[in-house]
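Have a look at the structure below before the remarks.
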2 protein chains.
Amino acid sequence: MKPTPQSAQAKTLDRSQVVAEALHLVNQEGFDRLTMRNLAARLGVVPMALYRHVTNKEELIDAVFELALSDIKLPDPDLTWRPGLDALARAIRELLLEHPPLAVEVVGRPTLGPASLRIAEYGYRVMRTSGFSDIDTNGGINTLVTYVIGFTALEVPRRHSVGANPPPDLSKLQSLYADLPADQFPHTVQLQPQVEGLVTPEQFDHGLTTLLDGLEHRLQDSKNAASQCR
Amino acid sequence: MKPTPQSAQAKTLDRSQVVAEALHLVNQEGFDRLTMRNLAARLGVVPMALYRHVTNKEELIDAVFELALSDIKLPDPDLTWRPGLDALARAIRELLLEHPPLAVEVVGRPTLGPASLRIAEYGYRVMRTSGFSDIDTNGGINTLVTYVIGFTALEVPRRHSVGANPPPDLSKLQSLYADLPADQFPHTVQLQPQVEGLVTPEQFDHGLTTLLDGLEHRLQDSKNAASQCR
DNA sequence: ACCTGAACACCGTTCAAGT
DNA sequence: ACCTGAACACCGTTCAAGT
């Protein structure tokens with residue numbers, strides 16, 4: 001009996017194995033340890049074997065992002081806009097923190113795969129069904145996603161050590177603030193107790209609340225404008 | 001007469017030349033074309049000559065960032081908080097857009113040099129002297145800077161082609177939206193006219209206004225709380 | 001004091017060859 | 001159909017040597 005294409009040759013490499021192993025590698029060793037040669041070694045195979053399943057390194061990286069992002073747990077689609085966007089923002093941040101090296105690298109890499117589209121679609125849904133205009137919806141999701149990605153990308157290198165990168169060295173940071181000339185940086189010096197815990201979950205909440213407050217203000221404005229036209 | 005250290009040997013390499021040439025290289029050829037070998041060639045020197053002025057590539061990159069950031073034009077320090085932060089945000093964005101490859105790379109790289117400190121100090125100043133609490137000031141500047149850097153970093157690869165990277169390919173993007181299954185992505189499809197001009201200056205304004213509105217809300221709240229205590 | 005040359009341990013990828 | 005080996009054109013950096 002002839003073996004069917006899927007069932008036979010359990011020993012052979014397969015694209016999803018390659019991508020999954022690449023994601024593990026990135027999380028364990030850091031983004032710049034993701035080399036074709038290193039990945040091949042982990043799969044017990046010669047470097048060139050990978051090129052049977054992936055056209056080049058760039059495509060492999062895209063696939064790694066898509067795999068990681070597809071794991072996101074989107075909130076209940078029937079939430080109203082404010083709890084919905086709040087939960088969405090936290091879900092994105094949580095996902096990124098599970099893959100610190102990707103959190104940094106995702107900026108500057110336009111990821112337009114299905115996973116990203118599903119995330120945006122969720123945001124569009126809760127805003128539009130809550131009465132936001134199309135312009136405010138597009139702008140709002142854009143701002144929200146930018147904030148979450150930006151915040152997390154700036155947070156990660158300051159908290160976790162990514163790959164072989166330097167440890168957080170909080171003491172060095174403190175002495176930097178201590179040595180600051182108070183005449184040139186009076187406010188920075190006086191704010192030191194606030195600034196020291198440079199990136200905290202509370203600051204994420206603070207910014208997110210500020211942002212949602214701003215959106216609420218926008219929603220009120222357009223409602224007022226609508227009722228005045230009546 | 002013995003030549004003084006600064007005046008003599010005009011032919012010799014000097015650290016500021018190395019860093020300046022590195023910045024030019026990055027802007028002309030892209031961030032990943034910044035290699036010690038490539039830089040050395042542009043300076044008409046052998047690669048190892050650079051290590052006399054810079055301890056390694058990492059330090060060189062830090063110096064390149066510091067040089068670029070030190071060019072920022074800070075707004076009038078006597079502005080009140082809202083015009084001050086608005087102008088600060090635009091100044092940061094403008095500077096980053098002058099160095100597209102750096103705009104992308106600055107995320108995930110904690111830049112704590114004098115230039116960054118001056119930027120933060122300006123923001124702290126206008127907020128505190130306008131009555132914001134220390135917590136709101138720290139959170140506010142953090143959020144603002146995060147938004148500006150995040151937005152610009154996401155914007156650049158979609159507008160300019162950075163180094164040898166792919167051109168913007170707007171047509172590909174449009175066909176991607178055209179092929180989207182309308183039952184799975186109803187809102188994304190309906191928003192297509194908004195989403196298409198994916199990252200625009202208007203969207204930057206939209207997000208910035210939202211953010212400043214949120215901060216204004218916060219300032220009102222703390223003022224109300226203060227007057228109630230009286 | 002500053003620059004050089006050769007070398008080491010790495011990269012991604014091409015190409016012709018094996019099974 | 002899938003994997004291999006050798007090779008090419010690159011990296012950052014060390015080390016001993018030149019002037």
Side-chain angles (χ1 to χ4, degrees), chain A residues 1-22 25-26 28-65 101 105 109 162-166, chain B residues 1-22 25-26 28-65 101 105 109 162-166:
Chain A
M1 154 175 151
K2 214 161 30 149
T4 56
Q6 328 84 311
S7 73
Q9 305 145 350
K11 222 31 180 324
T12 205
L13 216 52
D14 138 314
R15 183 182 159 106
S16 67
Q17 284 173 49
V18 171
V19 176
E21 188 63 33
L25 191 163
V26 165
Q28 286 168 17
E29 306 186 31
F31 193 80
D32 35 278
R33 287 293 300 152
L34 173 56
T35 73
M36 301 305 268
R37 294 166 126 102
N38 192 5
L39 177 57
R42 287 174 67 126
L43 290 164
V45 104
V46 91
M48 282 313 298
L50 303 177
Y51 285 84
R52 202 56 46 174
H53 307 99
V54 115
T55 68
N56 54 29
K57 193 183 179 184
E58 197 55 29
E59 197 202 84
L60 171 64
I61 293 175
D62 282 343
V64 168
F65 272 96
E105 226 61 37
R109 181 171 294 273
V162 176
N165 270 35
Chain B
M1 153 172 146
K2 210 156 42 147
T4 56
Q6 325 88 306
S7 75
Q9 305 146 351
K11 220 35 180 322
T12 206
L13 215 52
D14 138 314
R15 182 181 159 106
S16 66
Q17 285 173 48
V18 171
V19 177
E21 188 62 34
L25 191 163
V26 165
Q28 287 168 18
E29 306 186 29
F31 194 80
D32 35 279
R33 287 292 300 154
L34 174 55
T35 74
M36 301 304 269
R37 295 168 126 103
N38 192 7
L39 177 58
R42 288 174 67 125
L43 290 164
V45 105
V46 92
M48 282 313 298
L50 304 176
Y51 285 85
R52 202 59 43 177
H53 307 98
V54 113
T55 69
N56 54 29
K57 192 184 178 181
E58 197 55 29
E59 197 202 85
L60 171 63
I61 293 175
D62 282 343
V64 168
F65 271 96
E105 227 61 38
R109 182 170 294 271
V162 176
N165 270 35

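Chain identifiers are assigned alphabetically (A, B, ...) following the order of the sequence lines, protein sequences preceding nucleic acid strands; residue numbering begins at 1 within each chain.
Pairing partner, dC8(D): dG12(C), with both Watson-Crick or wobble hydrogen-bond distances short of 3.5 Å.
Taking every side-chain heavy atom of Leu13(A) into account, dC3(D) is the closest of dC3(D), dG12(C), dT13(D). Side-chain atoms of Arg33(A) lie closest to dC11(C) of the nucleotides dT4(D), dG12(D), dC11(C). Side-chain proximity of Tyr51(B) to the nucleotides dG12(C), dG12(D), dG5(C) is greatest for dG12(D). Distances from the side chain of Asn56(B) to the nucleotides dT13(D), dT13(C), dC3(D) place dT13(D) closest. Out of dG12(D), dT4(D), dC11(C), the shortest distance to the side chain of Met48(A) is found at dT4(D).
The only member of Val45(B), Val64(B), Leu50(B) that meets side-chain contact (heavy atoms from CB on, under 4.5 Å) when paired with Val18(B) is Leu50(B).
Rounded to an integer number of Å, the gap from Arg15(B) CZ to dC2(C) P is 14 Å. Atom CE of Met36(B) is separated from atom P of dT4(C) by 14 Å (rounded to the nearest Å). The nearest whole Å value for the distance from the CG atom in Leu60(B) to the C1' atom in dC11(D) is 15 Å. In this structure, Glu59(A) atom CD and dT13(C) atom P are separated by 11 Å, rounded to whole Å. The NZ-C1' distance, from Lys57(A) to dC10(D), rounds to 14 Å in whole Å. Distance, Glu29(A) CD to dC11(C) P: 10 Å, rounded to whole Å.
Between the side chain of Asn56(B) and the backbone N or O of Glu59(B) there is at least one donor-acceptor pair closer than 3.5 Å. Checked by atom type and distance alone, the side chain of Arg15(A) pairs as donor or acceptor with a backbone atom of His53(A) at under 3.5 Å.
Along DNA chain C, the nucleotide closest to Arg52(A) and the one closest to Val46(B) are compared, and the more 5′ of them pairs with Val46(B). Judged by closest nucleotide on DNA chain D, Val45(A) is the one of Val45(A) and Arg37(A) placed further toward the 5' end.
Rounding to the nearest 0.5 Å places CG of Leu34(A) at 10.0 Å from CD of Glu105(A).
Taking only side-chain nitrogens and oxygens, His53(B) never comes nearer than 4.0 Å to OP1 or OP2 of dC2(C).
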